[in-house]
Amino acid sequence: MPTKKAPQSMPYEQGKWAAVYTRAVGERRYWLIKSEPDVFSFDDLSAAPKQTTCWDSIRNTGARNFLRDAMKVGDLAFYYHSNAEPSAIVGIAEVVREGYPDPTALDPTHPYFDPASDPATPTWFVVDVRAVSKLEKPVSLADIKARADLADMALIKVSRLSVVPVTEREWNIVLAMSRS
DNA sequence: GCCAACGTTGGC
DNA sequence: GCCAACGTTGGC
């Protein structure tokens, strides 16, 4: 029996991220997803079956909303190593399956089981991501912070959000940095 | 290891 | 509904 109330759905369409929930026909959006390399690194993703994994165990409502509602098949994401030396963007992944209920939240034997998440109206969501390519050169958090034209990146502006949007402009700047 | 940011919980 | 306590993330 659920003992706690599940976190409520944010009225995201009215929130500060409203723009990332809309897109032109055929438009591709960009994201940044964080993982600690000791837990699941980009190389781990590359070594996984079909280079694909379920991006599970996210337990933050803001990140959940992106996973559930905003990320679409074909979108690309920078793969960021947090709590790393150095913390850096190291690769590119592609969304290959759109939001569906996080199986870890519904599995009583899983450490991330959430008894408050009702299977009929799940609280937590995942997408599937596939490794696309490793960056020629990692782009570190320090590299990003050193650039005035990346000062507005959500990675910097919004702390402790494990899935954040990236603008197309930011995406291209970081890509260029990874090749220089 | 420290601690800032900030989301969540729960007493009132 | 307010807000203090608490827990987590993640840089440094």
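Each chain gets a letter, A, B and so on, in the order the sequences are listed, and its residues count up from 1. Just so it is clear, the values below take in all heavy atoms, side chains as well, and ignore hydrogens, waters and symmetry mates. All of these numbers come straight from a predicted model, not from anything done at the bench.
- Residues passing the side chain to side chain donor-acceptor pair (under 3.5 Å) test with A:Arg23, sequence neighbours excluded: A:Asp75.
- A:Thr167 is linked by a side chain to side chain donor-acceptor pair (under 3.5 Å) to A:Glu170, counting only residues two or more places apart in sequence or in another chain.
- Pairs engaging residues 136-176 of chain A under the ring-ring contact (aromatic ring centres under 6.0 Å, His included) rule: A:Tyr30-A:Trp171, A:Phe78-A:Trp171 [sequence neighbours left out].
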Produce a footprint string for nucleotides 4-12 of chain C: one letter per nucleotide, 5' end first; B if the base is under 4.0 Å from any protein heavy atom, S if only the sugar-phosphate is, - if neither.
-----BBBS
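- Checked against salt bridge (charged side-chain N to carboxylate O under 4.0 Å, His left out), A:Arg147 has the following partners two or more places apart in sequence or in another chain: A:Asp149.
- Think of A:Tyr100 as one node in a network of Ile, Leu, Val, Met, Phe, Trp and Tyr side chains linked at under 4.5 Å; its network also takes in A:Val126.
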